[in-house]
Structures are given as structure tokens and as C-alpha cells.
Amino acid sequence: MLDVKYIRDNLETVEERLGTRGEAVNLSRFREFDLQRRGLLQEAEKLKALRNAVSEEISRIKDKSQARDRIAEMREVSQKVKVLDEQLKVVEEALEGCLLTIPNIPHETTPIGKAETDNVEIRKWGEIPQFAFAAKPHYEIGESLGILDFERGARITGARFTLCKDAGARMERALINFMLDLHTEQHKYVEMLPPFMVNRESMTGTGQLPKFEEDLFRLEGVDYFLIPTAEVPVTNIHRGEILKGSELPLCYTAYTPCFRKEAGSYGKDTRGYIRQHQFNKVELVKFARPEESYRELDLLLADAEKVLQLLQLPYRVVELCTGDLGFSAAKTYDIEVWLPSQNTYREISSCSNFEDFQARRASIRFRENEKAKPEFVHTLNGSGLAVGRTVVAILENYQQADGSVVIPEALRPYMGGMEKIG
RNA sequence: GGAGAGAUGGCCGAGUCGGCCGAAGGCGCUCGCCUGCUAAGCGAGUAUACUGGGAAACCGGUAUCGAGGGUUCGAAUCCCUCUCUCUCCGCCA
């Protein structure tokens, strides 16, 4: 959510900068609701002030018969207040609804662009493997090794669900532990294991709602949703709180499964393990001081990259352009891992600074010192990493001519010393 | 699922028959005084949001005692609904 006062005072700038996201933005509705609200508010508050003053007078009059006129007068005032308050409520809801659907303003360093193709490559890491044979896609490798079972996954649930078996299941678990250990022991994040379903307020706080309800799995009977990412429960840990400046930045890491409807991605990545309705992810979340948030974003990105470096998987980092930026983000770096079968890099992590956009929605603030005014924190998060796609990358990059897959050295301690599958 | 108890400021905790209650008292914290050091003591201060005015410091108004609604000139206090927490019973990994 953007600052109402900022929009009010910089309407054209805001429209223009939001326009770089690719959708025309018209804030005239906002302006109208804002004006209406303040008009009604002033009127109502004036009457309330009068009522409060006269009520106090009445309280001092011993003989209530002498207050009869004033009581009658105030009865009328209260009626008017009631009407105004009702109108106000309608306008405020409209204004709120308006605000909740306005995306974040891209950071000034976010490259202007229309789509994915305008993203900017920042750096590449690692050697792209050269195979003396035709590199197989991960789903063929996984199926022939008996560690990924798409058919039975679909039988159990449906399309885009996969059964991990034997060393495949073990590798998922190993990667989760490997990543969590790295981030908690080397990068000093605090581990969290949050609920995997959240309420509507939490989804609104991080920006999934109200606009993207069709992407979420919703439970029946209660207003709970399956989380599409750990960002939601972990960021909402501090919803409604005022943190101490001295404890910032707060750095949390969490493993959770993620559930996404993938509405609108029909036909994309239909085969294999790339795009699932349920996948595992280790997430990194930070709450930082505004002036430190971009430095923290660089650190967070480096922490995520470290996973791929240790696993010796080639990747590149791209900076998303304004047209490709998520709703809540001001700036995003994607980490893309090399997939030999596709002869291209595919997203495996997305690291974003949301600045105060989520903090304002979720009311997460901090006080620099005892007497300081509360300020909104900046929230950040990034995948560290998507576990399923890491499995995909390992299978493809570490595949051997005989169909076996070598296990990255860093992962072996987590797989009982296993050196290869098959 | 059944029965009961509760929800007040950073924390603890008071709030009588509705009015002078944004809310006693204590703890904590901040600043000052005092004091070889520490402790104790003394004095002052210590919520948030919106809104009007002001360049600002700041001044005024409104709202907030779990949430929403009702009664009333006036609600932390009375009534209704909901949510959450705790205790007991049942069930269960």
C-alpha cells in the first residue's frame, strides 16, 4: 500500500511511475474518494466535538429537567453524526479498496521495460556443463531412475502433482536441511516453522489479496488459504507490531511447502517438475531499516546465490524490469539456474525489496529509540531456494552418460554419504 | 464437539450506582538532581492513527480499553453478535 498523503501530493508522479509497469493507472477515483472522505470527516468531527462539549455540560447540571433542551438538541446532533459516519464508512471502504489494488512504485534503479525480455542480466556464475551425449530432461532422468513419479502423483491428486520416491524424496529432504543449515549457521538467519495456511488479513498484508485470489487455494468453511510462499506467514509474524530499532535487521528463514493454482499458466511447463501446484521452498525474509534495505537486499541475494555456488550449479542473476515486477515489489533480482535440456536459464529464486509497501499494509513498524516516532520497516524476501527446481537442476547438470546422476559434494553429508543415484 | 473463565497503555493491574477516564497505582524506560562506584532516593516525562492550522517547533479536534453492532445527551463501564486466550470433559496425531 502506498502512503495516502504521498499519492495526494504527488498524483502525477505516482501515475507516471506506476505507468512504467505497463498498465495505465488512473488515480482520479482515489482523488475523489480522498476528498470526499476528508470533507465528511471534518463535518462529523465538528459535530462530535460539539456533542462532547455539551454532554460534559449536561453532566455538571444536577437538575436534569434544566438540561432538557440541550439533551434534545444533542439527540439531533447524534442523529446527524450517525448519518455522516455511515457515509464516511462507505467512502473509506471505497478508498481502502482503491489503495489495496494499487501496486508498489518501482525503485528508481529498476530498469524500465515492458516484459521479461527487457530484464537486465547482472552476472553469470559457473561453467555450463558440456555433454558428450544428448542431455536428457529432468523428467526422463527422474522417471528412469525411479525417483520422480508423475503418473502416480497425478493419480493421487491430479495434474501438476508429483510423487517423489526413494532417493528423490531423500534429495528433497536433504536440500531442505542443507539450505536451512547454511542460512542459520553461516548467514545467521533465525529458523521459523510457520503455519502453512493463513487468514485473509495475512494474505492482504503481503499483497496476495485482494487482487490475486484466483491464484490461491482457499479452504472451505473457514476463511483460510494455503500459502503460496513462506513470505506470507513469515512476514506476517510481526503484523501490527512496533519493533525496536536495535533488533533490526531481523532475518528469518523458513521451510514450507507452497501451494499455487498456477491459473493462467496453462500449457506452460506442463511436463516435469518445474511448475507444480505444490512445491517445497526455503525462504529468506528480512525486516530492515529503510536506509539499509537495499544493502540488505544485496546480502540476501548473495545468501541465496551461495546455495547454488556450494552445489556447483551454474546460474545468472537478472534484474527485473518494471514490466515484469511483482505487485508488491519495488525491486527484484531473479536468480536463474542453468537447465541443459532447455539450453537456457530458469528462475530458481526471486529476491525482492518491498520497501514499506507490505509494512504499511500489515502495519509493521519500528522505533529507532525510545522517543522516536514509529516508522514503517522495509520488508524483503527471497527464495533460498525453490527446492523442487534445485532437484531439477541437479538431475540435469549432474547427469552422466550411463543415466546415473552424481550427487553434488556439498549435499552428500545430507544424503547419508551417497555419491550418485543409479 | 460440550461446560466455564477471561481479553484495559511496553508489562502487571485498578476501574464504584454509565459522565470530571486516554484511563488510578506499580514496574519498566527517557531526561535531570543527588551520590567514591553500584544500589536506593527525589523531580519531570513516557500510546497510536486520522484530521485542521503552521515553513517548522508546535497548537487544536476526533477516534481507539479484543472486533463489530445496539441503548444513551454521554459507554472501558449496560445489551447483542463474533474472534481469540485459558481451564475442565470428550475425541484425536
For [X], all residues meeting salt bridge (charged side-chain N to carboxylate O under 4.0 Å, His left out), sequence neighbours excluded:
| X | answer |
| --- | --- |
| A/Glu16 | none |
| A/Glu213 | A/Arg200, A/Arg218 |
| A/Glu140 | none |
| A/Lys165 | A/Asp149 |

Going by side chain to side chain donor-acceptor pair (under 3.5 Å), name the residues that satisfy it together with [X], two or more places apart in sequence or in a different chain.
| X | value |
| --- | --- |
| A/Tyr414 | A/Asp181 |
| A/Ser350 | A/Asp334 |
| A/Arg51 | A/Ser78 |
| A/Glu15 | none |

Discussion item. Within residues 29-45 of chain A, which residues have any heavy atom lying less than 4.0 Å from an atom of RNA chain B?
Written reply: A/Arg37, A/Arg38, A/Leu41, A/Gln42, A/Glu45
Worksheet entry | Bracket string, RNA chain B, 5' to 3' - pairs by Watson-Crick or G-U geometry under 3.5 Å, | interstrand | ((((((((.[[[..)...(.....]]]((((((.......))))))(((((((....))))))).[[[[[..)....]]]]])))))))....
Worksheet entry | Pairs where residues 25-36 of chain A contributes a residue and the test salt bridge (Lys or Arg N to Asp or Glu O under 4.0 Å) is met, not counting sequence neighbours | A/Arg8-A/Asp34, A/Asp34-A/Arg38
Discussion item. A/Asn353 and side chain to side chain contact (heavy atoms under 4.5 Å, CB included): which single residue from A/His378, A/Glu296, A/His107, A/Lys286 fits?
Written reply: A/His378
Fill in: Base versus backbone protein contacts along nucleotides 65-74 of chain B [heavy-atom cut-off under 4.0 Å; B, S, -]
----SS--BS
